[in-house]
Protein chains: 2
Amino acid sequence: MARERKIDMVILGLLSHEDLTGYEIKKRIDGAISFFWKGSFGNIYPALKDMENQGLITKSDTSVGERERITYHITKSGRNRLKVWLKEEQVSNELKYETLLKLFFGGSGSREVTVHNIEIFEEQVKKDLRVLRTYYETLERSQGVEDHVYYSLTVSFGIETYEAYLKWCDKAKKMLEGRA
Amino acid sequence: MARERKIDMVILGLLSHEDLTGYEIKKRIDGAISFFWKGSFGNIYPALKDMENQGLITKSDTSVGERERITYHITKSGRNRLKVWLKEEQVSNELKYETLLKLFFGGSGSREVTVHNIEIFEEQVKKDLRVLRTYYETLERSQGVEDHVYYSLTVSFGIETYEAYLKWCDKAKKMLEGRA
DNA sequence: GTTTGATATATCATTTTGATACATTATATG
DNA sequence: CATATAATGTATCAAAATGATATATCAAAC
């Protein structure tokens, strides 16, 4: 993770649409984005401080009464930083499937355990797929907005790959149960 | 990443098959495993030291001449640790697609940039798919070995998902070029 | 004979994770 | 209406992962 802090791009991307607090940023990441990226408070708050010092974002106090609230706004410099990143050639997609790790080392356990692990994965995928399909239907009903194209494509990416997962689960279970 | 150090399981899994040095462990991870997990020296060496202290592995000096070489061997306790992990219910598959992040925030750039980013992804996937298919063919030609079932399934997982990626790339490009 | 690449161990700064601490405000439940 | 519970909000910390770099030996190519 050394080198370029990726969370910066997530934050800038979100702030390019609307002003947000750190907490709200976390909520956004936990939504549709969670299918292809993650973030935590321990990640977000330091990044916000740092980016403010760099002049990529500005903060404004929007506290109500006793309740502390710091809303962040993207600057021209921040928008530029985002554009530069979008144009950068090299991308790193980091995939870590503990499920496959367990499968790969499955020889150290029993076949039943391996099959069970696949079933756990299958259940999770089915659950996520339901959520993704709900997103997709909502998008279908509200067409025309330019940004929706991009959103829609990420959701369809999820649906496409998750369906491939399920197809594989079926195949894998059959193979392990000696039916293939 | 706090909590349970996952690299331990990768190392134990590899050592359950053969004795290895830290360098060799890195090489194994960079092979077929790299499609679903990663590891670095800064990760492996401290883990080896720590696991040796815990009694999960033992080290033996196999240096040749001046050349330093520390070979690690899994203990009964280590094998047990591996089995316990295999049986653990909760798994976390952490997927980080910078490609999708760029797509999601594509509205901040131009359509051409977005399409180009998809093409970069597409090229990488095609390249990886060729490697995976080579693995698969090699496996087909050497059947019968029990462990091959597990290996074969991870490879087929990769092929299945990478094919889904390509299918999506096609769809996405068409959509962005207004052909859908 | 010398440059290049593979083998080998190790550490470091930076980033991410996941948990926790602490406090306020809104909402639901009895 | 009181009170419990959930949501909002900022912040920090230890542990773990990343990616780069340092250092050195040995084999092979040129």
Side-chain angles (χ1 to χ4, degrees), chain A residues 1-11 19-31 33-34 36-54 57 59-72 90-98 101, chain B residues 1-11 19-31 33-34 36-54 57 59-72 90-98 101:
Chain A
M1 287 137 204
R3 215 66 317 179
E4 195 188 43
R5 198 171 44 191
K6 293 286 162 59
I7 191 68
D8 288 10
M9 299 310 135
V10 184
I11 294 172
D19 292 357
L20 296 165
T21 67
Y23 183 78
E24 286 167 335
I25 287 166
K26 175 73 163 80
K27 271 210 301 181
R28 295 288 185 287
I29 296 173
D30 288 344
I33 292 177
S34 71
F36 55 88
W37 207 269
K38 278 204 304 180
S40 64
F41 291 128
N43 205 11
I44 295 165
Y45 284 110
L48 285 170
K49 259 188 192 168
D50 198 50
M51 288 168 85
E52 208 238 324
N53 287 332
Q54 285 178 58
I57 56 175
K59 68 173 167 184
S60 59
D61 182 60
T62 53
S63 298
V64 253
E66 294 292 302
R67 178 63 148 283
E68 195 178 11
R69 227 182 102 95
I70 307 163
T71 302
Y72 289 91
Q90 90 284 21
V91 276
S92 73
N93 296 312
E94 286 161 46
L95 314 180
K96 291 189 153 189
Y97 293 96
E98 194 177 356
L101 211 51
Chain B
M1 288 134 204
R3 212 70 314 175
E4 195 188 45
R5 199 172 44 192
K6 292 286 162 59
I7 192 67
D8 288 10
M9 299 310 134
V10 184
I11 295 173
D19 292 356
L20 296 164
T21 67
Y23 184 80
E24 287 167 335
I25 287 167
K26 174 76 162 79
K27 273 209 302 181
R28 293 289 185 286
I29 295 174
D30 288 343
I33 291 177
S34 71
F36 55 89
W37 207 267
K38 279 204 302 181
S40 63
F41 292 129
N43 204 10
I44 295 164
Y45 284 110
L48 285 170
K49 260 188 191 168
D50 197 51
M51 288 169 84
E52 207 237 325
N53 287 333
Q54 285 177 57
I57 54 175
K59 69 172 166 184
S60 59
D61 181 62
T62 53
S63 299
V64 253
E66 294 291 303
R67 179 63 148 283
E68 195 178 10
R69 226 183 103 95
I70 307 163
T71 302
Y72 289 92
Q90 89 284 20
V91 277
S92 73
N93 296 311
E94 286 161 45
L95 315 180
K96 291 188 153 189
Y97 294 95
E98 194 178 356
L101 212 50

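Letters A, B, ... mirror the listed sequences (proteins, then strands); counts begin at 1. Since the model is a prediction, treat every value here as computed from it, not as a measurement.
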Student: Nearest nucleotide by nearest heavy atom, which residue falls closer to the 5' end of DNA chain C, A:Trp37 or A:Val64?
Tutor: A:Trp37
Student: Which whole-number value in Å describes the distance from A:Leu20 CG to D:dG9 C1'?
Tutor: 13 Å
Student: Heavy-atom distance under 4.5 Å between the side chains of B:Ile25 and B:Leu48, does that happen here?
Tutor: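 Yes; the side chains approach each other to less than 4.5 Å.
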Student: Return the value, rounded to whole Å, for the distance between atom CZ of B:Arg5 and atom P of D:dA14.
Tutor: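 After rounding, the gap between these two atoms is 17 Å.
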Student: So what does B:Gly22 hit on the nucleic acid, given a heavy-atom distance under 4.0 Å: a base, only sugar-phosphate, or nothing?
Tutor: sugar-phosphate
Student: Are any of B:Tyr45's side-chain N or O atoms less than 4.0 Å away from OP1 or OP2 of C:dA10?
Tutor: no
Student: State, to 0.1 Å, how close B:Phe41 and B:Pro46 come at their nearest heavy-atom pair, and which atoms those are.
Tutor: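 Answer, listing the atom of B:Phe41 first, then B:Pro46: O-CD, 3.7 Å.
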Student: Would one find a side-chain N or O of B:Tyr23 under 4.0 angstrom from OP1 or OP2 of C:dT7?
Tutor: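 Yes.
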Student: Nearest whole Å is fine: how far is C:dT15 P from A:Asp50 CG?
Tutor: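 Rounded to whole Å, this separation is 8 Å.
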Student: Rounding to a whole Å, what distance do you find between B:Glu4:CD and D:dA14:P?
Tutor: 21 Å
Student: What's the NZ-P distance between B:Lys6 and C:dT16, to the nearest Å?
Tutor: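 After rounding, the reported distance stands at 18 Å.
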Student: A:Lys27 side chain N/O closer than 4.0 Å to the phosphate oxygens (OP1, OP2) of D:dT8?
Tutor: yes
Student: Got a donor-acceptor contact below 3.5 angstrom from the B:Ser63 side chain to the B:Arg69 backbone?
Tutor: yes
Student: C:dT16 C1' sits how many Å from B:Ile7 CD1, rounded?
Tutor: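 One finds 16 Å between C1' of C:dT16 and CD1 of B:Ile7, rounded.
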Student: With a non-hydrogen cut-off below 4.0 angstrom, is A:Lys59 in contact with a base, only sugar-phosphate, or nothing?
Tutor: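 Nothing: the residue A:Lys59, judged by heavy atoms under 4.0 Å, touches no strand.
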Student: Categorize B:Thr21 for me: base, sugar-phosphate, or nothing, with a 4.0 angstrom heavy-atom threshold over every strand shown.
Tutor: sugar-phosphate
Student: Among A:Tyr97, A:Phe36, A:Trp37, whose side-chain contact (heavy atoms from CB on, under 4.5 Å) with B:Leu95 holds?
Tutor: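 Single pass found, and it is A:Tyr97.
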Student: Figure out the CZ/P separation between B:Phe41 and C:dC12, and round it to whole Å.
Tutor: 17 Å
Student: Would a distance-only check, ignoring hydrogens and angles, find a side-chain to backbone donor-acceptor pair under 3.5 Å from A:Glu98 to B:Ser92?
Tutor: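 Indeed, once roles are kept as given, a pair shorter than 3.5 Å links the two residues.
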Student: Under 4.0 Å between any heavy atoms, over every strand shown, what does B:Lys26 touch: base, sugar-phosphate, or nothing? Just pick one.
Tutor: nothing
Student: Strictly below 4.0 Å: does B:Lys96 bring a side-chain N or O up to OP1 or OP2 of C:dT15?
Tutor: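 No, outside the criterion.
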Student: Would you mind telling me which residue lines up with the more 5' stretch of DNA chain D, A:Pro46 or A:Glu68, judged by nearest nucleotide?
Tutor: A:Glu68
Student: Any donor-acceptor pair under 3.5 Å joining the side chain of B:Arg69 to the base of C:dT7?
Tutor: no
Student: Can you measure A:Arg28 atom CZ to D:dT8 atom C1' for me and round it to whole angstrom units?
Tutor: 13 Å
Student: Consider the side chain of A:Asn43, meaning its heavy atoms from C-beta on, and name the nucleotide among D:dG19, C:dT7, C:dT17 that approaches it most closely.
Tutor: C:dT17
Student: Taking the side chain of B:Glu24 as heavy atoms from C-beta outward, which of C:dA8, C:dT24, D:dT25 is closest to it?
Tutor: C:dA8
Student: What pair of heavy atoms forms the shortest contact from B:Ala47 to B:Ile7, and how long is it?
Tutor: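 Shortest heavy-atom contact: CB-CG2, 3.8 Å.
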Student: Counting only side-chain nitrogens and oxygens, does B:Lys38 get under 4.0 Å of the OP1 or OP2 atom of D:dG19?
Tutor: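 Yes.
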